[in-house]
Each structure stands twice: as C-alpha cells, then as structure tokens.
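Numbers restart at 1 for each chain; the letters A, B, ... are given by sequence-line order, proteins then strands.
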Amino acid sequence: MYVGGFGASEETTMNRRQFIQAAALSGTAGLAGCIGGSSDSNSSGSSGTTTLEYWEYFHSQSEVAKTLMESSVEEFQSETDTQMQMNWASWNDINGGKWKNNIQNGNRPVIYDSTNSLDGQFIEPGWVKPVSEYKDRLDDEAVEHLEWAFEMTQSCYRGFDEGLYEIPIGLEVGAPFIARTDHFEEAGLSIEDDFPPENYEHLVQVATQLQEQGPADYGFQIYGAQGDVTDEALVTWTASEGGYDGMYLNEDWSDVNYDNDVWKEMTKKYVDLYQEHGLSSDKAPTASNEGAAQMLIQGNVSMVQGSTKDFGLLRSRAEDMLADGTIVFGPSWEGAAGNRGDFFTQCIALMRKPDGVDEDAWQQREEAAIAWINKVLSKEFQRQVPRSLATLPARKDVWPALKEDDLLSQSNFISTLETTVDGMEHGWSSHPGMNAIQYNIAGPLFQEAVRGEISAEEACDRAASEIRNQVTF
Amino acid sequence: MSLADYDAVGVTLKASTYGVVWFLVLLNLVPLLFILSVSFMPPTEFFGAPHIVPYEPTLEAWTSGFAELKDNLVNSFLIGTGTALLALAITIPGAYAFARKEFYGKKLGFYAIILAMMFPYILLVIPIMGLWNDLGLYNTIPGMILAYQVFVAPFAIWILRDFFETLPKDIEEAAQVYGCTQFSAFVRVILPLAAPGIVAVGFLAFLTGWNDFLFANLLTTGTGPVPAVPVLYGTIGGGSGERVYWGKLMAETLIIGTPPTVLYLVARNYLENAFTV
C-alpha cells in the first residue's frame, strides 16, 4: 500500500490508527461518565449501604469546626452502614442562591445544616420537614435537655405555620462585651465593678475614662461594615430595649421595624459613640467586628462589643491574653424588655421527600439522617460546639462540663454566654428575605449613618421604606 | 571625559526607563512575594503587623491546603484536559472549513459563532442547569466539559481559522500532488504546521476548564466532582464571609496556579509562535 511520500511505513500507519481508535474510544467512554464521578445522589447501594446526601455548612466556621465535622463524618460512616455524600458548602452557597437553584432543579439533600436566618428560602416553599414530624425519633435524653432551646428557637419561625423547622445545635447569643483588663487598671477602673457596662450612659462614662486615662487611643470601638453594623451590637441593644419591636421584623412578620422609635434611638446612640463622643477610631465606618477585635488585641482600643465568634478569633490570635485574663468577656446589659439581646442558631434539619423518589428508599436515608442528628446532639459532640462553632451548645446538660474544659475554663466566655442567654427570647427571623432585610438594603444605609453622611433617623426611615418596596411580607 | 560629553538627557531618559521598568517589576513581584511569604506564616503572624519574612515559617498552610485540594485538583485536571481535547476535536475541522472551504452561509455562520462570545455567559447558567439536569449531565465532569464548549469553541474557531488562513495553500496542494488525499494532506501537512496555534488554543481551553469558577460552582452541588477553584472560594468565603485563613488561601492559590504555569513553561515556544504577529 502506498502511503504517500512522507516516509511513513504501513506498520506505523496501522499503529497510529490503532492508537487513534483507542484514544477515541477512551475519550468517548470518559465523556459518557466513566471518569466523571457522576453522582446518583441519595441512592441506596446494592451492598446494603445507605448513601446519604448531606449539605454541610458548620465546617466553614473555623479550622477547628472543619476538623470536627470531617472526623465526625468519618466516625459516623465507620459506625453505621452509611456513606455520607458531603457538599462542604460555604455561607455564600446558601445565601447566594446555589442551594436554592439546586433544590429547584431537583437536587435535594436529605439533611442539611446551616444558620437559621438564611433558611426561610427553603422553609417557605415547603421543602423543609417540620421538627414535629420526626421529634419522636430523636434521642429522648437529648430532647429532654434541648426542650428549652426548642421553645426559644420557635421565635425564629414565628411567621410560618409550624413552630419549629430546624433543630438548634448551637445558639449564637449576641453580643458580648470584650475588654482589656490591663487598660481598665491603668485607667483607674475596676474590671469587677465597671465591667461590663450596665447601660448606655455607663458605657459612655467607662469608655471615656478608658480613652482619657488608659493606654489605648480609643475607649470603645464601634463597627460600620455593611455585614456587621446591623447584626451585632446594635441589634443587641434594640432587642434588649424593645423586645420584638427591637428585632428586624415585627412579631407576625407583617412589617419591618427599622423606622420605629426603638431602632431610631438606639441607632443614634450607636452612631453617637463615634460621631459625638469620639470614642471610636476613624476606621469605624468600615470596621468589621473582627477588625475591632484585632484592634483590641493590638491595644488600640480598650473595649468592644463583638460577636461570640470573636472567641475563635481571639483563640487563634491572642490565646495567651485569654488564658492570663488580659482579655475578658461580659454580657450585654439587660434592657427595658428584660433581656440581654437576640440570638440565632446553628441548626440542622431534614428535607421533605421530593416527587419521584421511592418512599422506602427515602425512609431508609431519613433513618440514617436521624442517626446523624442524634450524633450531633450527643454529649460528646455538644461539648465540642463552643470550641468549634464558638456558640453556646443547645444541649444544656453539657454546660457544667464546659467549665472544666482546659481551654474554655481559662476565660469567662462560657459563663458570659450563660448569663446572656438567660431570659433571652428573640431569635433572628427565618424570613425568606432576611438577607436583604439584614444586610443588602439596611447595611449600606446604616454604614452611611456611621460615616455621618446621613442621620441615624434617615438611615432607619430609608431602610424601612426600601425594604417595604422590595421585600414581600 | 569632559562635562560636555556627558549626555544628561540620555542618562536621565535611561534612568527613568529603568526606574519605570523596576517599578512595574516590583508592582508584580511584591504581591507575589507577599503571597508566598504569607503561605508560610502561622496565623498569629499573618493576623499581626505586616512583614515579608516569616518569623516562624511553617508548612501547615501548604499541607492542609493540599490535603483539602488533592481530589479537586484531579477533577480540575480531568475537566481542563477534557475541555481542551473536546474543543480541539470540534474546532480544528470547523476552523479549517471556515478558512479553506467555500460553502453557503460561511460568513454568516462564522459571525454567528463569534456573536455567541459577545454575551455574558452567566445568561446561560439557568438554561444549562435545567438542560443538564434533564440529560443527567448536571454535577458530572462530562457535563462541565460540554458546558465549557459554549464559550471555548467560538474563540478557538476564531483563532484557528485565522491561523489556517495564514498557512500557504501551495503546501497542501503539493501534498495532494504527491498522492495525499485532502484529508491526509490536512492531517500530515496542515496540522503539523498549525501546531503552535493548536497548542495555544488547547492551552487556553485547558485554562478555561481549570480556572473557571462560574460553571464549576453552579453546575455542581458540591457532593459530586468539584473542581479546585470552588474550594478556593470556600476558603475565601469562610464561615460568615469575614474570617479568612490567609495562609491557607495563599497556599491554595499557589497550588492551583502551579499546573498551568508549568504547562505554560513546557509549551512556551509553541505559544510564543502562535501569538507572534
């Protein structure tokens, strides 16, 4: 056979052809899914292993949380005949529409964990199974010690028909004061008597003395970052002052509260700390609560009112200062409404069976999911919650043991959370529009108020007005 | 040398040129050095006062970053390679036809393909999600490889068509005179000559499959084959979008950036030939 004038022999031509054919076959096979890892999610394996699709968020809270979740999943798989199919999601996956898009397209997990305020988008269309439908399948002992949290958490779902849609694993109770004891001493203040501040006037007085007589440039740092200005210290003040009037939405979710007197007064007081009293640095309009905590570590400020999550941050950046008592926590003051602020939950929930899935197969996966929930509600897991998720464990009977924990007993973090949660009853709403309500609309306006570009009253009015125009109630 | 021989303007010009060059080099180099430096720092250092040389260097960020990414890097490699191979398989014959053949609607067809590039491809996400779900391609590597063709194929056809057009027709005709069929002349003559262009297009297609975030994130649930870039996004996002583990973020960025860099170095000669005007 003549193969042309380019020196190729018949043998090599045949080899090349064979190679091309083999490559084409491999490529086609690969594209057909052999290399793909295509996931027939939630299937029950032929070997009797149950495959459980689990959308997981807790791990993203910290490196410690990540380790805890990974090792717990591994342990669970080895203890049970379950193969967990994890998606290891981030806050943006839940908030940015990825989860919702997937569910709308028929990709639904049996179980997920999340933060309650992000989950109204899943509850409203009826995708989430109310806890009442499977509460009796949970571990009795765990439920007994969780009843208080179940009751409290119902305030988060008050706009829906059922009382409870998600099981609280940890409660993030806001927002504790965090202070430098060495600065208090240098300023001639007593950490026992002058901390935490008993009310707003006391806060101004202590912060002024810290600034004037202490080593730091500023006495109390507020933060105006769009993601923090409305969801930490300020809402703690409004909730403790106004109860439901101080929450973002009113009691029956028929309206937004930003333009009521409680919000206007507290927002003005918050902004005044920086604009009028000069107690915060010029970074206030853009600072985040983590940034404020960093300023506390560096000694630029003497006191902040931050997130419980700052405990994790302080552990990684200033463990010595926590251990030797240089940095201490204190609960926010009790306001006129008889509480010390608001809370939200790190929670876990089951999803309803989608159409077209075999009832028995779903039931089998749900059993595995219940077994997992019981694991995260176990004493062993719950004891890890403060270290990993930096929140108060929902299971109350583990609290005493936390005070004996080597790391936690070095600071007054847990006792501060215990005091804060006492009498607390107002949770962040799981309204489907919470992202816009808390952050996207209100955040920039409240930041403008911190900058001094608009008044606190105008920020409140405009936020309420824009939310009414854009969010369905 | 007298002062009169001294070309003050020339020296100033040269100094200024070097100054600008050095400034631009540093502008690129310093952030890169900082990325490298932070990847070796323990958290207590990168959250503290900024400095370039780590006081207590550690490999922690690299080991944890690599452990987190290793499966995803394999997925990215499969997606990048698949995207490149499929794009070449589709576009080489297509571009050749647009360059060398005359057929009805050639011009219109070519501009229609180019027009597809002009729209932001986020527009396609929702329809592709729905379609891929129906076809069983959602959350699969083949699904992503196919999805990338939507925007890889047009630019590949564009580049390759121009490349084929620059090759002299005489060589192909000569090969046919010597006994080649049209197809074997294309395979034995045109393809080797077009190697720089093909390598360049393959490299760019691989980069698209390797680096893309939008489709990689939205065409996966996270439980199936997740490429490396969405994992990096998770590291950036952190829990509430505020706490970033900078050391791991930098290490993961460098880990993800290394394979394309190596690939570029290997294929550098071809790429330079392809883009030489």
Strictly distance-based, threshold 3.5 Å: is any side-chain N or O of B:Asn133 a donor or acceptor partner for the main-chain N or O of A:Asn105?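 Answer holds: yes.
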
Quick check against the 3.5 Å criterion: does A:Lys98 have a side-chain atom that pairs as donor or acceptor with the backbone of B:Leu218?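 No; judged by distance alone, with no hydrogens or angles, the pair does not exist.
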
Under 4.5 Å heavy-atom distance to chain A, tell me which part of B:Thr220 shows up: side chain, backbone, both or neither.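 Both the backbone and the side chain of B:Thr220 come within 4.5 Å of chain A.
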
B:Asp134, part contacting chain A, at a heavy-atom distance under 4.5 Å: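 Contact with chain A is absent: no heavy atom of B:Asp134 under 4.5 Å.
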
In this structure, are over 12 heavy atoms from other groups packed under 6.0 Å from [X] atom [atom1]?
X        : atom1 : result
B:Trp62  : CH2   : yes
A:Gln104 : CD    : yes
B:Ile122 : CD1   : no
A:Glu74  : CD    : no
B:Phe66  : CZ    : no
A:Tyr439 : OH    : yes

Out of curiosity, B:Glu68 CD to A:Lys66 NZ, how far, rounded to the nearest 0.5 Å?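 Separation between the atoms: 3.5 Å.
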
When rounded to the nearest 0.5 angstrom, what distance separates OG1 in B:Thr223 from CG in A:Asn107?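 The distance works out to 7.5 Å.
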
Taking side chain as everything from C-beta outward and backbone as N, CA, C, O, which of these in A:Trp55 sits under 4.5 Å from a heavy atom of chain B? Side chain, backbone, both or neither.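 Interface part for A:Trp55: side chain.
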
Below 4.5 Å from any heavy atom of chain B, which atoms of A:Asn95 appear? Answer side chain, backbone, both or neither.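 Neither part; nothing is under 4.5 Å.
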
I want to check something: taking the side chain as every heavy atom from C-beta on, are A:Trp88 and B:Val231 in contact at a cut-off of under 4.5 Å?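 Heavy-atom side-chain distance check fails, nothing below 4.5 Å.
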
For A:Glu53 against B:Thr221, the heavy-atom pair lying closest together: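 In terms of heavy atoms, the two residues are closest at OE2-OG1, 4.1 Å.
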
Show the nearest heavy-atom pair for residues A:Ser90 and B:Gly234, with the distance to one decimal.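 The pair with the smallest heavy-atom distance is CB-CA, 4.3 Å.
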
